[in-house]
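Each chain gets a letter, A, B and so on, in the order its sequence line appears, and its residues count up from 1.
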Protein chains: 2
Amino acid sequence: MRQSFAKSCQGWCNGLTFERLTMADAPTRHTGTAPTIRDVAALAGVATSTVSRALSNPDRVNRVTRERIEKIAAELNYVPSSQARGLSSGRTNAIALLVPDVTNPFYFDIIRGTQNQLKAAGYTQLLVDTEESAEMEADTLRKMQRTADGFILAASRLSDATLAEAAANQAIVTINRSSSYAPTVMIDTPGAVIQALEHLTSLGHSRICYVGGPSSSWSNAKRWKTFDDETRDRGLTTSRVGPFAPKMTSGAAAADAAVRTGATACIVFNDLLAIGMLQRLRERGIRVPEDMSIVGCDDIFGADFCNPPLTTMASPIEQAGRVAVSMLLAQLGPLRSASSRRLAVMPTHLTVRGSTGSAPQQG
Amino acid sequence: MRQSFAKSCQGWCNGLTFERLTMADAPTRHTGTAPTIRDVAALAGVATSTVSRALSNPDRVNRVTRERIEKIAAELNYVPSSQARGLSSGRTNAIALLVPDVTNPFYFDIIRGTQNQLKAAGYTQLLVDTEESAEMEADTLRKMQRTADGFILAASRLSDATLAEAAANQAIVTINRSSSYAPTVMIDTPGAVIQALEHLTSLGHSRICYVGGPSSSWSNAKRWKTFDDETRDRGLTTSRVGPFAPKMTSGAAAADAAVRTGATACIVFNDLLAIGMLQRLRERGIRVPEDMSIVGCDDIFGADFCNPPLTTMASPIEQAGRVAVSMLLAQLGPLRSASSRRLAVMPTHLTVRGSTGSAPQQG
DNA sequence: AACACATGCGCGAACTCCAGGCAAAGATCA
DNA sequence: TGATCTTTGCCTGGAGTTCGCGCATGTGTT
């Protein structure tokens, strides 16, 4: 073995000694922090490349050598720097999740879903709040193009053109934002709206109001369209109020506007807004569901314990996050998405709770 | 971009669509198009080092050259790879936030706070769920030692020894986990518990139960100790039940246990558990607050609109997250924490809502 | 038994991208 | 014209991966 050429040097890791070839002194700092691949290689008496392969491509290294290297690496607590690894491989093992508003519980569920799935796949999640701004979203996408291997855009505010451009340059999956440019996870809102309408009409409601969310929201447009299409043939009196910001505080304005339309039931853009409305209605002495029925959307945390509990179009949000991750990773995989899905539709169902009831008798 | 991408994109419909890559360069490394500093340098007719300086150290480069470089960089959409930058600087510009459970709304607020503050400082947030496991927490800390510049541990489950060791090697700030090894942001639970006790006794309650959270939780221990100390001198009949997992589903068991103690009021480890208890008590026909008063802790999302709205020890959780970030960044700064704060205590106040009321008259 | 060929293993160099030190070249001033 | 700046280029370091290649066996053939 070549170790006979080596001379023993002063160990710098917990009193261990190691062999070093008679070369110019490599500038290995012994700061006690973060051992590098070189440290491992020196201790194991092999080249750095061998260490690299032993750890990342084990079957291309002799078993004894590999085990020795693994042992030493473990002793040193060696962790390959993902920074340096990413340099040559071009990958970061991180994916970014862009949400319009970390404040919104809807996105919490998505965060949770992606987080779980990414961790399972050994990826790191980079969480970014784009503050409901398309510009900020595009900006983040640009700035992080090298930082993340891929992006999940939840409820993207991007224009079609911008999204197309972005998707051409990086791996992207959208959630609740249909697009022909990037794979998408859709939550089946149309189906849910239809269920909600059926529920309300079967309870005798004939004057129904759609309480709209932000105008830049794709899913809001979709929900309204379905609502509009489906009510046309049923002899219902419909109205629409909004747009309202998807926050609880907008609930007061939304409730007042909805009441003014004379409707006896509302289908509301999302649960946050709906819960805000419930509060306002109670303040005003309007009983739910006796005077007014409310249907929310998303089934967020809190929809089950608000007062009254909210009837809502429940969607498997967390699962949507997980599916988005799978689709993204498939895109990144070696098979290059030859057959990977472009669209996943998450099923939705109506969860009936206390906020909907029979239509009030006509005075 | 140069990609002729718009072709062969199926419209989306219900059902699944498949993508087929018809482009010549099958391995469309999305990053293959990402310009490097070399591209910019070549186009600008300067050396790469000049580009580097022009962008990160502008006053060391002639204005005309700099502007030319900036223009070209902008045209190319050039973004320096944080990977490579980190290599030489040793910094990643990323901070990891470790939370025991992303599911818990309490941490949502922390996530939100750190997210905002980090973004403002130009840092990326790496979110990790440690699943309430000390081992997993330590593991993450080790694995990410090179990935993040610093760590924020929310409600750390680490043992003192492990925490000490970790803090010796990396920049760490803890939230709600006192320690002499790392700077800490504390939420003033003792103060809150005292306020809650005063509130309850002033309402005539004399039999009060503490509903405990997980035994590994430092703040749970702290809350119980304060409760115990403070009730001793007041001639109150106290009891303790638990430990319970800090989840809504544990509320049922917690409620049943609390009722059995004969207490007329409960101080509950956190709001999640408290809200779960409210549900159970209603199921059992026990009225809140007429038969039983409930005080939660944290004032999470939902505490204001549950039924009845929850009286709770409100803490500025989001602000705690922000402060943690500031403390961490101070630690990372050039001054090396010589004078940076080791402890921040966030004030707390009792927010009285509908879940507390006068003690029931003795039968 | 000797030789040719095949295989496995590990080395070293080249590469990734950026920052920064040093030095050279050009510009300005005395 | 020499001295002092100012600008800019060259080169190296930093941590890891990848690839070509040589060395040392191992196998098969005559």
Side-chain angles (χ1 to χ4, degrees), chain A residues 1-3 5-6 19-31 33-42 44-70 72-73 76-93 145-147 149, chain B residues 29 31-42 44-69 73 76 78-93 144-147:
Chain A
M1 285 297 288
R2 72 197 57 75
Q3 269 138 0
F5 297 118
E19 280 77 27
R20 161 155 306 165
L21 299 181
T22 61
M23 302 177 61
D25 229 1
T28 43
R29 285 175 325 186
H30 42 96
T31 55
T33 65
T36 78
I37 199 173
R38 257 170 273 272
D39 300 327
V40 180
V46 298
T48 58
S49 51
T50 308
V51 176
S52 172
R53 247 180 297 112
L55 298 177
S56 53
N57 216 346
D59 41 333
R60 295 195 47 80
V61 167
N62 187 316
R63 220 193 68 200
V64 247
T65 324
R66 169 161 49 89
E67 281 171 359
R68 180 157 41 98
I69 291 173
E70 280 168 351
I72 290 175
L76 286 187
N77 232 336
Y78 167 71
V79 182
S81 149
S82 54
Q83 300 258 44
R85 168 174 287 165
L87 249 194
S88 40
S89 70
R91 314 192 67 184
T92 61
N93 265 326
Q145 56 181 327
R146 318 282 284 282
T147 313
D149 291 341
Chain B
R29 277 303 310 153
T31 53
T33 49
T36 79
I37 201 172
R38 252 175 279 275
D39 301 327
V40 181
V46 297
T48 58
S49 53
T50 309
V51 176
S52 171
R53 262 184 304 243
L55 298 178
S56 53
N57 218 345
D59 41 330
R60 300 204 39 83
V61 168
N62 187 318
R63 222 194 65 200
V64 246
T65 336
R66 168 161 50 88
E67 281 170 0
R68 181 156 42 96
I69 291 173
L76 285 186
Y78 167 72
V79 182
S81 150
S82 54
Q83 301 257 34
R85 170 173 288 167
L87 249 195
S88 40
S89 69
R91 315 190 71 185
T92 61
N93 266 326
M144 299 188 79
Q145 56 181 328
R146 317 282 284 281
T147 313

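- Closest to the A/Ala47 side chain, of the nucleotides D/dT7, C/dG12, C/dC17, is C/dG12.
- In this entry the distance linking CG of B/Asp59 with C1' of D/dT7 reads 13 Å, nearest Å.
- Judged by distance alone, with hydrogens and angles left aside, the side-chain atoms of A/Arg146 form no donor-acceptor pair with the main-chain N or O of B/Gln83 at under 3.5 Å.
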Nucleotide N/O of nucleotides 17-20 of chain D paired with protein N/O under 3.5 Å:
unit_1	atom_1	unit_2	atom_2	d
D/dT17	OP1	A/Arg85	NE	2.9
D/dT17	OP1	A/Arg85	NH2	2.9
D/dT17	OP2	A/Ser52	OG	2.5
D/dT17	O5'	A/Ser52	OG	3.3
D/dT17	O4'	A/Ser88	OG	3.1

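- To the nearest 0.5 angstrom, B/Tyr78 atom OH is 10.0 Å from A/Gln145 atom CD.
- Here the closest heavy-atom approach between residue B/Ser56 and residue B/Pro58 is recorded as C-CD, 3.6 Å.
- Rounded to whole angstrom, the span from the CZ atom of A/Arg66 across to the C1' atom of C/dG8 amounts to 14 Å.
- Look at CZ on B/Arg60: it is 11 Å from P on C/dG20, rounded to the nearest Å.
- Applying the salt bridge (Lys or Arg N to Asp or Glu O under 4.0 Å) test to pairs two or more places apart or on separate chains, none has a residue in residues 50-62 of chain B.
- Rounded to whole Å, the distance from CD on B/Gln83 to P on C/dA19 is 13 Å.
- Regarding A/Leu87, its CG atom lies at a distance of 5 Å from the C1' atom of C/dC17, rounded to whole Å.
- For the pair A/Asn62 CG and C/dT7 P, the interatomic distance rounds to 18 Å; values are reported in whole Å.
- With B/Thr92 contributing its side chain and B/Thr147 its backbone, the two residues share a donor-acceptor pair below 3.5 Å.
- Legend: residues meeting side-chain hydrogen bond (donor to acceptor under 3.5 Å, both in side chains) with B/Thr50, ordered by chain and number and at least two apart, are absent.
- Proximity note for B/Val46 (side chain, C-beta onward) versus C/dC17, D/dG16, D/dG9: the nearest is D/dG9.
- Not counting sequence neighbours, the partners of B/Thr65 by the side chain to side chain contact (heavy atoms under 4.5 Å, CB included) test are B/Val46, B/Val61, B/Asn62, B/Arg68, B/Ile69.
- Applying the side-chain hydrogen bond (donor to acceptor under 3.5 Å, both in side chains) criterion to B/Ser81, with sequence neighbours excluded, gives no partner residue.
- Counting any heavy atom pair closer than 4.0 Å across all strands shown, A/Val79 reaches sugar-phosphate atoms only and no base atom.
- Note: CZ (B/Arg91) to P (D/dG14) measures 18 Å, nearest angstrom.
- We find that CZ of A/Arg63 is positioned 16 Å from C1' of C/dG8, with the value rounded to whole Å.
- In terms of heavy atoms, A/Ala54 sits closest to A/Glu70 at O-OE2, 4.3 Å.
- The end-to-end axis angle of the helix from C/dA1-D/dT30 to C/dA30-D/dT1, rounded to 10 degrees and based on five pairs per end, is 50°.
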